[in-house]
Structure formats: structure tokens, C-alpha cells
Amino acid sequence: MMKADLIVGIQWGDEGKGKIVDRLAKEYDMVCRSQGGHNAGHTIWVDGVKYALHLIPSGVLNPKAINVVGNGVVLSPESIIKEMVQFEGLEGRLYISDKAHLNLPYHALIDQARERLKGDKAIGTTGKGIGPAYSDKINRTGFRVGELLNPSKLCAAIIGYFEQNRAIFDIYEIPTPTQAELLAELEGYKAKLAPFITDTTQMVWKALDEENKRVLLEGAQGTMLDIDHGTYPYVTSSATVSAGACTGLGINAKDIGKVTGIVKAYCTRVGNGPFPSEDHGEDGKRLGEQGHEFGTTTGRARRCGWFDAVATRYASRLNGCDELALMKLDVLDGFDEVKVCVAYELDGKEIDYLPANLEDVKPIYKSFKGWTNSVGVRKFEDLPASAQDYVKIIEEISKTKVGIISTSPEREDTIIL
């Protein structure tokens, strides 16, 4: 029986999981997405061509890989249909769980309305309907992908949902669709998606238990956005940690093999919420410019700061990381010094752990000599000495081996240790 290897984000998302999954996917027979929705964005560069993925697993660029969207995902039919246009010959290579929940247009309208009503206390969501779709799932009022196969029945159920929640929709100023409009929309979704909908749990079990397939699990967002273990309430609505991959695909803990945590060589965050190592000065601005830190999904500029080793150590333990993949090392080229947050100050005391509330902590930094000319390097010994030292420092403080280093967006500009 085979084990499923796992890729998981260690920071606040946007760590570069797409590139690593794409590169590793060449070695796997099946790549599975376990949670999140089209608020996630993976950018992959291959031979100078940019691919933006939101729901389709990053293994899609491997023509031999089967790609699975698991039951833990909230799926926007409209979004995945648009995304599928980038690729040819997806039948037989892409499968969507019939148990995944639907993220329909009214979910995004609810999301945006709630954010407006919160004013300056808004979480800073992408407004894509992820939270409301997961809320409906937990409230047992959601609709699942498999229901698209019977559009008439699903249409009647959704109209009933609107009628039951009329008062709320009126407050949010969300109109009820007509039955004819809604039915036409659902029939359009069925026409495009029906060939891809199946029981993916059985598929994954068969791949691991009987077919000895190599399976790679791909998470979305990052550990610090986990609904339980992240910077609540400024988090996403799903379990982004390695354990979430089990529930999101219908596998058990014994099925998990190697766990690789993805981290940037610095930190970024999109939206609101605490970010202890954020740099509000010129260095933070420069990191954003050199790293092209704009969201794949939203286009929003990301907040930038220095590497947080305290949060990385916490997330590595939480996920059971066997190794880290260190992304965007080249973005630090040209800095005279680089900083690492090695501890926090809380209520006048130094702490080396992540408290439940990060709002009031202050970063404690150590500074290290900067470097140049790491772009495109493919061997560790060819990195500048200061960059090699930086990698070793991250390993030491985070207590996790660095096994992969990325030195540009291109697939092949990667050091494997």
C-alpha cells in the first residue's frame, strides 16, 4: 500500500506551493486538492508561459497526472469552467468530488455584504463566497456538486433556500433569481462539468490500496490562516494544515507519507490581521516590488516583512513537516542585511512560542549579512556564502531541514538538497 505525500503552506498563504507541486507532479500519478476554493491562487511559470490556477490542482501541467478536486473544497462552477479553458484534453485527467460543496454566485454577494457591514472590523476576505459556502456546509443548508446532475431538483431546492432566508437576503440587498434564470445557469454548469463529477474518495483509495499509484496532496492558503490554528478571526474557513487533507479527501492519518512545508524566504500576508514581522518602511516596500507581491486571485498588493522563524517552527510542528521548501530566496538579492524574527516580546517578556493572540506581540530580530546573484542558481554550493548561511540559520531556528530552494519563478531554477 502506498502513502500520499503532502505539500502544505507554512505561512499566510502565497508561499509558492504551485511551483513546487508543478515540479514534483512529474513524479506523481495523481495530484489532489483537499480544501479551500477559488480564493486560492497558484501561479506557475513554464518556459516563460504563466498559468494561474485557482481550483484545478497544479498537476494539470503534467499530461500523465490525474487531478482530483476533493470533497473538502468549496467549488465555484463558474470559476472552474473559466479555468478549464486554459487546458485541452481534461476528460480522464480531472475529477471533481460529488461531495464537494457548491460555492454559488449568491455566496459571493453574501460575503461582500458582510464585509461592508463590518466596516473597519472587516476580515479582509477575497469576497469570493468561501466563508458563506463553508457556513452553509456546517449549517447543513449547503448544496453539493453531485446535485448539479439533477438541475431541476437543485433549482427548486435553491429557490426554497432563498425563501427560507428572505429576511437576511433583503438586509443584504441580494435579489432572488427567477426560476428560469437559475435553471438555465445550473443546466449550463451540468453541461460543462458532468463528465468530471465522481466519487473521488473511492478513486483515491483505489489508487493507494490497489494500483500503487504515487499520490500528491496539495493544500491551499497557509497554516497561519487555518480556522483553528491560525490568527483567528483573520483566517480562512477551512483546515489548511496537513490533518485537513485527510478529511478533505476521505483518507486517514496512516495514509500520509512525506510532508513538505512551503515557506518564502521572507513573509507576506493579504488582507487584515496580525503580522508580527511586517515591515512598514522601505524594506517592506522593496520586498513587495522585487517579489512582485500581488495576489493571483485578487490583484491586491501583499503586506511584506521579514522571515518569522517562530511562526515557522510552530507551523512545522503542527504539520509534521519532514522538510521545508524555501521559496523566493532570490528576492532578497541586493539587501545589505536581512532580518529574521527569532522571538517575540509580549507584555515586556521575551517568548519563543506563538500565543493565541498575536495582536500585541513585537518581533525580536537578528540581522544577517545580505547577498547578491542568487537568481537562477541550481546548486547549493553555487549560492553566495551569505545565502547558504541564511538557509542554515532557518533550519536551525525552525528545527526543520530545508530540502528544496527556489531561486526564480521558472520550474527548473530549483535546488534539491
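We find the OG1-CD1 distance between T414 and I405 to be 10.0 Å, quoted to the nearest 0.5 Å. For the atom pair NZ of K328 and CG of D333, the computed distance is 13.5 Å after rounding to the nearest 0.5 Å. Between L75 atom CG and H54 atom NE2 the span is 13.0 Å, to the nearest 0.5 Å. Here the CG-OG distance, from D226 to S238, works out to 7.5 Å after rounding to the nearest 0.5 Å.
In this structure, R317 places its CZ atom where only 12 or fewer heavy-atom neighbours from other residues, nucleotides or ligands lie under 6.0 Å away. Within a 6.0 Å sphere centred on NZ of K26, heavy atoms belonging to other residues, nucleotides or ligands number more than 12. A 6.0 Å sphere centred on CD of E359 holds more than 12 heavy atoms belonging to other residues, nucleotides or ligands.
By the 4.5 Å heavy-atom criterion applied to side chains, Q221 and Q35 are counted as neighbours. Counting heavy atoms from C-beta on, the side chains of V60 and L90 come closer than 4.5 Å. Residues S97 and V68 have side chains not in contact (no heavy-atom distance under 4.5 Å, counting atoms from C-beta outward). Using a 4.5 Å cut-off on side-chain heavy atoms (C-beta onward), I158 and Y106 make contact. Between F169 and L109 the shortest side-chain heavy-atom distance does not fall below 4.5 Å. At least one side-chain heavy atom of D330 sits under 4.5 Å from a side-chain heavy atom of S374. In this structure, I168 and I171 have side chains that are not in contact, with every pair of non-hydrogen atoms separated by 4.5 Å or more. Looking only at side-chain heavy atoms (C-beta outward), E185 and P105 come within less than 4.5 Å of each other.
Cation-pi geometry between R286 and F335 is satisfied (NZ or CZ under 6.0 Å from the ring centre, within 45° of the ring normal).
In this structure, a donor-acceptor pair under 3.5 Å is present between the side chains of H107 and D136. K128 and S76 form no side-chain donor-acceptor contact under 3.5 Å, judged by distance and modelled atom types alone. Under 3.5 Å, the side chains of E293 and Y266 contain a donor-acceptor pair of N or O atoms. Using modelled atom types, one finds no donor on one side chain facing an acceptor on the other under 3.5 Å when comparing S316 with K399. Of the N and O atoms on the side chains of N103 and Y134, not one donor lies less than 3.5 Å from an acceptor on the other residue. Using modelled atom types, one finds no donor on one side chain facing an acceptor on the other under 3.5 Å when comparing T268 with D14. With hydrogens and angles left out, the side-chain atoms of D322 and T260 include no donor and acceptor closer than 3.5 Å.
Minimum interatomic distance between V69 and L55 (heavy atoms only, all atoms of both residues): CG2-O, 3.8 Å. Across A25 and G59, no two heavy atoms sit closer than the pair CB-CA, 3.8 Å. Taking each heavy atom of T201 and G250 in turn, the nearest pair found is CG2-O, 3.9 Å. Between Y189 and I81, the closest heavy-atom pair is CD2-CD1, 3.9 Å. Pairing each heavy atom of I262 with each of M327, the nearest pair is CG2-CG, 3.5 Å. When all heavy atoms of A52 and Q86 are compared, the pair lying nearest together is O-NE2, 3.2 Å.
Annotation: side-chain contact (heavy atoms from CB on, under 4.5 Å) contacts of R303 (sequence neighbours excluded): R269, F275, E278.
A salt bridge links K99 with D199: the distance from a Lys NZ or Arg NE/NH1/NH2 to an Asp or Glu carboxylate oxygen falls below 4.0 Å. Using a 4.0 Å cut-off between charged side-chain N and carboxylate O, K17 and E15 make a salt bridge. Salt bridge status for D5 with R214: present, with a side-chain N to carboxylate O gap under 4.0 Å.
No option in R33, E218, H38, E83 other than E83 meets the side-chain contact (heavy atoms from CB on, under 4.5 Å) test with L53.
Between the K3 side chain and the K254 main chain, a donor and an acceptor come within less than 3.5 Å of each other. The main-chain N or O of M203 is never found under 3.5 Å from a side-chain atom of T200 such that the two would form a donor-acceptor pair. Remark: the backbone N or O of G9 is paired with a side-chain donor or acceptor of T223 at under 3.5 angstrom.
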request  = Test K258 against E27 for salt bridge (Lys or Arg N to Asp or Glu O under 4.0 Å), laying out the working first.
outcome  = CA-CA 14 Å; K258 183 178 181 180; E27 304 167 17; over 6 Å; no
task = Apply salt bridge (Lys or Arg N to Asp or Glu O under 4.0 Å) to the pair R23 and E412, showing each step before the final yes or no.
result = CA-CA 8 Å; R23 181 181 171 86; E412 300 306 323; 3.2 Å; yes
Tabulate below the donor-acceptor pairs under 3.5 Å that side-chain atoms of residues 341-353 make, not counting sequence neighbours, or state none.
from	atom 1	to	atom 2	distance (Å)
Y344	OH	D308	OD1	3.2
Y344	OH	D308	OD2	2.7

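Taking the six-membered ring for Trp and thresholds of 30 and 60 degrees, Y390 and F368 have ring planes more than 60 degrees apart, a perpendicular arrangement.
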